[in-house]
Novice: 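Could you have a look at this structure, given as structure tokens, before my questions?
Residue numbering restarts at 1 for every chain, and letters A, B, ... go by the order of the sequence lines. Worth knowing before you read on, the calculation uses all heavy atoms, side chains too, and leaves out hydrogens, waters and symmetry mates.
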Number of protein chains: 2
Amino acid sequence: MTEASASPPSSREKILDVAEALFARRGYAGVGLREVAEEAGLGKSSLFHHFRSKAEIYLAVLARVLERVNERVAPILASGGSHLERLDRVLDSLIDSLAEHPTTARLLLRSLFEDDDLPDTDDVKRAAEEIDRSLAAILDRMLRLLRDGIEAGSFRPASARHTLQTLIGATVYHFASGELGEALFGRPVFSAETVRRRKEEIKNLVHSGLAAAPVAAPAGGRP
Amino acid sequence: MTEASASPPSSREKILDVAEALFARRGYAGVGLREVAEEAGLGKSSLFHHFRSKAEIYLAVLARVLERVNERVAPILASGGSHLERLDRVLDSLIDSLAEHPTTARLLLRSLFEDDDLPDTDDVKRAAEEIDRSLAAILDRMLRLLRDGIEAGSFRPASARHTLQTLIGATVYHFASGELGEALFGRPVFSAETVRRRKEEIKNLVHSGLAAAPVAAPAGGRP
DNA sequence: GTCTATAGCTAGATAGAC
DNA sequence: GTCTATCTAGCTATAGAC
């Protein structure tokens, strides 16, 4: 769980890598262990030496993904600066984290949908709750930033919860949009240029909204 | 396809209703036709009298969902009023349409992910392209509204594409967030109160952003 | 238009040799 | 720790009686 190893990937890690890619592409039910084993260069039965069940593999993948995101975002949430500065940096780091591993956004979104697929054993329920807690911790810290900012008057009075939902949608959905996003931008949403622009656009929207500055202002003219 | 019938549901409609609920909950690969047949009150083989394959059922469900959304949103996109007014009304109608059928948001999001699951026959590819066109038509009209508004100076200079992605995320993701959304708001995201508030919050964010109005700033200072 | 029966396959998981 | 062999159960889809 805690090793930041640089050693050659263990079978366990190899399995998780392969499973992560497949689960992101086709979801829990859409992936067969035969395929996982093949791409990992193992026999199907060998998977069961490292994990007790398919569900355990899936949950291990999810836990790893969440930890990756948390590693990036948590230090920023705990850092200093004004509320708006911190929010900007959180958005940047979240976007970086979603852009770096193209599987992340899809897995996170899918995890919201796919609870029903998992078997109802105690092991699985415990692991799933662990993941829920991990996700809730991240979201709680983001909520607190929003609430604090609103209370301090740095942010407009707004529902912190709704704002959080909007920010999740603006980041996670965007990087999960795959072919649709690619069709829209004419290049993958993970391309450096699109990622850079995404950060800019989200921050602009968060800062100023979409409506043009109220006219009387002489400074805010059109390009 | 075109009948707005009030007659008792045909077997075909019954199948689509049941399949829509199941596909939304567990995705294409996660649903078996046995379960669809059972809940529709039919034998499994009877499904194949109405549809040629599982994929055809799935695509018929998707097409129906898209048509439902389009029915609501298209007239508004074609209506008059300022760009900002039209955008507000489009968001309202999109949210109404997502709130009315709790399956819609999940099916739409899933449809972005689940291309890979479908078999590669010509029939399926044609039906899938038809759905892509239908979705692209809606998005194109929204893109045009954004572009026109930007060009006319009604909206702040921004990337129409990125803004569209943000709006999709803010609406579709929100109503697909299920248990997470419910945990966040303390009630289902489909509850009347949450829906009403969602419209308000999104429109506020779109109008003004999140940052507090620059205090006593002598008009026009760049945020 | 619905049914029973079944074909042909793949799934997740286990047993036990090496 | 990996393998082959196998189990049971599920799947999509078809054939053909009623």
Novice: What nucleic acid atoms does A:V36 come within less than 4.0 Å of, heavy atoms only: base, sugar-phosphate, or nothing?
Specialist: nothing
Novice: Consider the side chain of B:K44, meaning its heavy atoms from C-beta on, and name the nucleotide among C:dG12, D:dA13, D:dG1 that approaches it most closely.
Specialist: D:dA13
Novice: Can you tell me the distance, in whole Å, between the CD atom of A:E38 and the P atom of D:dC3?
Specialist: 12 Å
Novice: Out of C:dT2, D:dG1, D:dA13, which nucleotide sits closest to the side chain of B:S46?
Specialist: C:dT2
Novice: Report yes if a donor N or O on one partner sits less than 3.5 Å from an acceptor N or O on the other, where the partners are the side chain of B:S45 and the base of C:dT2; otherwise report no.
Specialist: no
Novice: If every non-hydrogen atom of A:E20 is compared with every non-hydrogen atom of A:R68, which pair is closest and at what distance?
Specialist: OE2-NH2, 2.9 Å
Novice: Which heavy-atom pair separates B:S177 from A:L112 by the least distance, and what is that distance?
Specialist: CA-CD1, 4.2 Å
Novice: Measure the distance from NZ on A:K14 to C1' on D:dG1 and round it to the nearest whole Å.
Specialist: 17 Å
Novice: Aromatic rings B:F185 and B:H174: how do their planes relate, parallel, tilted or perpendicular, breaks at 30° and 60°?
Specialist: perpendicular
Novice: Distance check: side-chain N/O of A:H50 vs OP1/OP2 of D:dT2, anything under 4.0 Å?
Specialist: yes
Novice: Can B:E13 and B:R64 be counted as an ion pair, charged N to O under 4.0 angstrom?
Specialist: no
Novice: Within this structure, what is the CZ-to-P distance between A:R12 and D:dG1, rounded to whole angstrom?
Specialist: 11 Å
Novice: Side chain of B:S11, base of C:dT2: donor and acceptor closer than 3.5 Å?
Specialist: no
Novice: At under 4.0 Å, does any side-chain N or O of B:R34 touch on OP1 or OP2 of D:dG10?
Specialist: no
Novice: Starting at atom NZ of A:K54, determine the distance to atom C1' of D:dG10, rounded to an integer number of angstrom.
Specialist: 12 Å
Novice: Compare the minimum distances between each of D:dT14, C:dG12, D:dG1 and the side chain of B:F48, then state the nucleotide with the smallest one.
Specialist: D:dT14
Novice: For the pair made of CG in A:L33 and P in C:dC9, what is the distance, rounded to whole Å?
Specialist: 21 Å
Novice: Rounding to a whole Å, what distance do you find between B:E35:CD and D:dC11:P?
Specialist: 8 Å
Novice: Of all the heavy-atom pairs spanning B:T103 and B:A21, show the shortest one and how long it is.
Specialist: CG2-CA, 4.1 Å
Novice: For B:H49 and D:dT14, give me the distance from atom NE2 to atom P, rounded to whole Å.
Specialist: 15 Å
Novice: Taking atom P of C:dG12 as reference, at what distance in whole Å does atom CG of A:L118 sit?
Specialist: 13 Å
